[in-house]
Amino acid sequence: MGGPLPVLGPSPVVGLPPVDRPMAGGTPAVVLLLADGRFPAGGHAHSGGMEQAVSAGTVAGPADLQAWTTGVLWTVGLTAAGLAAAGCALGLAGGPGAGAGRRDSLPRWARLQSEADARLPSAAQRTTSCRLGRQLVRSAGRVWPGPLLEALAGAWPDGLHHALALGAVTAAGGGLPADAALVAAFTTAMTPVGAAVRLLGIDPVEATAIVGRLGPAVQTVAAEATAAATGPLRNLPARSAPLLDYLAEHHHRRQGRLFAS
Amino acid sequence: MGVGGPVGSGKTALVASLCQLLSAEMHLAVVTNDIYTTEDADFLRQAGVLDEERIVAVETGCCPHTAIRDDIAANVDAVEALEQRFAPLDLVLVESGGDNLTATFSYGLVDVQIFVVDVSGGDKVPRKGGPGVSQSDLLVVNKTDLAPLVGADLAVMAADAAVARGARPVLFTCLRQASGAAPIEVWLRQQLALHRRGTLAGP
C-alpha cells in the first residue's frame, strides 16, 4: 500500500440519534441473511430455469436476461412473495415463536401447502420447491432454533414449498410478512441473474445492474404480495409463467446439467 | 468421508476400489458431486461396486467447491436421505467434483477427508500446496507408475508434502494396479475404529 493515510474529519457518529430511537425501516438481520446468496441452504445450485433457457436459446445476452428477470419477477416472483408473506403471517399467528409450533396450526400449514401446489403446475418445479424448502428449514432450524421450524420439519419430511419455508423462517428469525415477501421477490430476480453470470459469462457488474434497476419493482411486487396475504388464501397471487414450467420439465429430464433446476 | 482432489487424479477410482474392498462387510453409500451431474455416479453404477440405489449424484451449479464447503445443504440432504433409506450405514463416501487445490470439505459434512493428487503434472503439486494438500486428513499421491515418464521425483514430492503437512499422513499409490488401494483401506479402517470409539480427531 504505502502513501499517506487519509486525513479523517470529525467522527461521523456525532449527531446520530441515540441508539434507543427506533430506526425508520429497521431491517432485521434475518432478512439480510436470507437474501444473501451465501446463506447455506443449497440455493447456489439452482438457476431458476436459466440453464434450460440458455440451452433453448431463449436467453443469450444481457438484454434477454433483463427481459427474463423482469418477467419472472412480476409472475412467479409475485406468487412466491404472496406465499412467503402468508407463511410468515401464519408463523407469527401464535405469537412470536412461543405457540407458533402448536400442532393445531398444522392444518393451516397444510392448506397453504396445497395453495402452493396449485400454483406450480410443473411436477419438476414442485419437487424442486419442496427440496429447497426442506433444505432451508433444516439449515434455518439451526440458525433460529425453536418450536415452529421443528414442528414444520417433522410434519413435512419431504419439505414445505420453498416460499412457505421462507415465510416460516422469516417469522422464526423475527421478521414480518413484508420482509418475507421482499426476500422472495428479490431471490426470484437474483437467482437467474447469478446463474446467467456462470452460464453465459455475462459481465457480473452488468448482470447485477439488472437487479439494481429492478429494485423499485421488487419493492412493488413485495408490497402487492404482502397486501394480498392479509386476505383469504384464495386471494393470494396466482400468476404463472408457462414457459418456465415447460423449461423446468425439460431440464428435469435432460442428461448432463450443471444446475439442479 | 470426503474424497477430494483435482480432475483425473483418481478420486472415482479410489471410491470404486474402497467399495469393492469394504462392501462385503459394511453398509456403504456414495454421494458424487459432479460438473455434469451424473458422470461419476454413472461410472460407479456401471462398475457394479455397489447397489445402484446407494449411489446418488448432487448437482453443484458450476461450483463444486461451494457444494462441499460453503453451502453443504444439498449434500447433507442427500446423505440424510441415504441414511434414512438404508439404515444403518457404516460409511458414506462423498466424492467432490474435480476442482482445484483449494477445494476441501466442510467438517459439517464429513468426519474425515482424503485429498487425491497425482504425479502426471510433475512433482510440484505438494510444493504449491493449498488447503487440500496441507489440511486433508490423508494426502494420496496417485499414479506413481507415471513418475519416470513425466520426470517427477517422488522423493521431492514426499519431502514437500511433509513440509506442507507436518505429521499428517501421505500415501503414494497406483490405484490402477490390483490392490493399489490397500494402504488407503488400512488407514480408513483405523479411522473407522477411532470414529466408533468417538475419538476421531476433528478439524
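Below, all heavy atoms of this structure are taken into account, side chains as well, without hydrogens, waters or symmetry copies.
By the 6.0 Å contact criterion, CD on A:Gln255 is open, its count of non-hydrogen atoms from other residues, nucleotides or ligands being 12 or less. In this structure, A:Arg213 places its CZ atom where more than 12 heavy-atom neighbours from other residues, nucleotides or ligands lie under 6.0 Å away. Other residues, nucleotides and ligands contribute only 12 or fewer heavy atoms inside 6.0 Å of the OH atom of A:Tyr246. Dense packing is recorded around CD of B:Glu83, with more than 12 heavy atoms of other residues, nucleotides or ligands lying under 6.0 Å away.
Between the CD atom of B:Glu59 and the NE2 atom of A:His251 there is a distance of 7.5 Å, given to the nearest 0.5 Å. Between the OG1 atom of B:Thr66 and the NE2 atom of A:His44 there is a distance of 5.5 Å, given to the nearest 0.5 Å. Taking CD of A:Gln135 as the reference point, atom CG of B:Asn75 lies at 9.5 Å (rounded to 0.5 Å). One distance of note links CG of B:Asp77 with CZ of A:Arg131; it measures 7.0 Å at 0.5 Å rounding.
Within the 4.5 angstrom heavy-atom criterion, no atom of B:Gln84 approaches chain A. The part of B:Asp70 that comes within reach of chain A is its backbone (N, CA, C, O), which places non-hydrogen atoms under 4.5 angstrom from that chain.
Annotation: maximal heavy-atom pairing with chain B below 4.5 Å, among A:Gly43, A:Ala195, A:Pro40, A:Pro157, occurs at A:Pro40.
Smallest separation of non-hydrogen atoms from A:Ala45 and B:Thr60: CB-C, 4.0 Å. B:Ala73 and A:Gly42 get closest at one heavy-atom pair: CB-N, 3.4 Å.
Contacts with chain B (heavy atom to heavy atom, under 4.5 Å) involve these residues of residues 138-146 of chain A, listed by number: A:Arg138, A:Ser139.
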